[in-house]
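Worksheet: one structure, shown below.
Values reported hereafter were calculated over all heavy atoms of this structure, with side chains retained and with hydrogens, waters and symmetry mates removed. Residue numbers start at 1 and run along the sequence shown.
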Amino acid sequence: MPKKISDTLAPATWPRWPVGPEGRSLMLSMARFQADMLETALRGQIEVLTFMQNRSEQHLQLWEDLLKSDYARDGFDLYCSFWRNAFQDYSDEAERFTRMGAQLATQTAKRVSEEQEDLTEKVARQMVM
């Protein structure tokens, strides 16, 4: 006769989680939330890498332009123009990145809230029956 091993992590006082479709929907909800977080992280990395590629190309262009310029005044104007554009690009990108993050967080919170309401309704219906 096999021995039954007690689970030390789940004592008798541990609340019983819904089983059946309700338990599966809870697990699916958590998996969707994790997938949303992973999607957000990957999308953010893509955005940052694209931005850094563009800035690196502009930096390379600055050096090429500086080497082509004949006068020190032209080089100074190119240098000032480069940094003015760089600061503007960084601030625009920070604003866009913040807006994108807020939008994704709003969508995720809405989806989690809807799934929570659906699960609560299913559990309530099961308790009434």
Side-chain angles (χ1 to χ4, degrees):
M1 190 153 112
K3 294 182 179 179
K4 185 175 181 180
I5 299 174
S6 65
D7 187 1
T8 58
L9 297 176
T13 58
W14 190 263
R16 300 215 180 261
W17 294 100
V19 293
E22 291 77 18
R24 284 190 298 267
S25 84
L26 177 64
M27 296 301 286
L28 285 173
S29 177
M30 290 188 315
R32 277 191 218 103
F33 181 72
Q34 288 176 346
D36 285 342
M37 291 299 106
L38 181 60
E39 178 186 2
T40 301
L42 291 175
R43 186 178 295 169
Q45 287 179 356
I46 290 169
E47 293 293 327
V48 167
L49 291 173
T50 302
F51 173 74
M52 292 309 296
Q53 178 185 8
N54 291 336
R55 289 304 315 156
S56 297
E57 289 171 357
Q58 290 177 9
H59 200 89
L60 180 62
Q61 186 64 43
L62 167 71
W63 284 106
E64 290 173 358
D65 291 344
L66 284 174
L67 291 174
K68 289 179 190 175
S69 70
D70 293 333
Y71 300 104
R73 194 177 82 204
D74 292 339
F76 183 73
D77 289 342
L78 288 170
Y79 191 73
C80 289
S81 175
F82 170 80
W83 282 110
R84 183 185 63 237
N85 292 339
F87 287 133
Q88 185 64 43
D89 286 348
Y90 277 106
S91 65
D92 290 345
E93 186 68 16
E95 177 189 2
R96 195 170 70 79
F97 198 79
T98 304
R99 203 176 322 118
M100 184 181 73
Q103 181 184 15
L104 290 171
T106 302
Q107 290 172 355
T108 302
K110 182 179 177 184
R111 185 178 304 128
V112 167
S113 176
E114 289 170 355
E115 290 177 358
Q116 180 268 332
E117 289 174 3
D118 185 44
L119 179 64
T120 303
E121 184 179 314
K122 285 180 182 178
V123 170
R125 230 182 290 131
Q126 186 180 27
M127 291 176 83
V128 169
M129 292 181 170

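Sorted by first then second residue, the side-chain hydrogen bond (donor to acceptor under 3.5 Å, both in side chains) pairs that include residues 99-110, not counting sequence neighbours, are E95-R99.
A salt bridge is absent between R55 and E93; no separation between the charged side-chain nitrogens and carboxylate oxygens falls under 4.0 Å.
Hydrophobic clustering (ILVMFWY, side-chain heavy atoms < 4.5 Å, transitive): F51 and L62 are in distinct clusters.
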Atom pairs and distances, donor-acceptor, side-chain atoms in residues 34-41, under 3.5 Å, two or more places apart:
from: D36; atom 1: OD1; to: R111; atom 2: NH1; distance (Å): 2.9
from: D36; atom 1: OD2; to: R111; atom 2: NH1; distance (Å): 2.3
from: E39; atom 1: OE2; to: R43; atom 2: NH2; distance (Å): 2.7
from: T40; atom 1: OG1; to: D36; atom 2: O; distance (Å): 2.8

If you look only at distance, which donor and acceptor atoms sit under 3.5 Å apart when one is on a side chain in residues 76-85 and the other is two or more places apart or in another chain?
from: Y79; atom 1: OH; to: W83; atom 2: NE1; distance (Å): 3.2
from: N85; atom 1: ND2; to: S81; atom 2: O; distance (Å): 3.3

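Not one N or O on the side chain of S113 forms a donor-acceptor pair closer than 3.5 Å with the backbone of A109.
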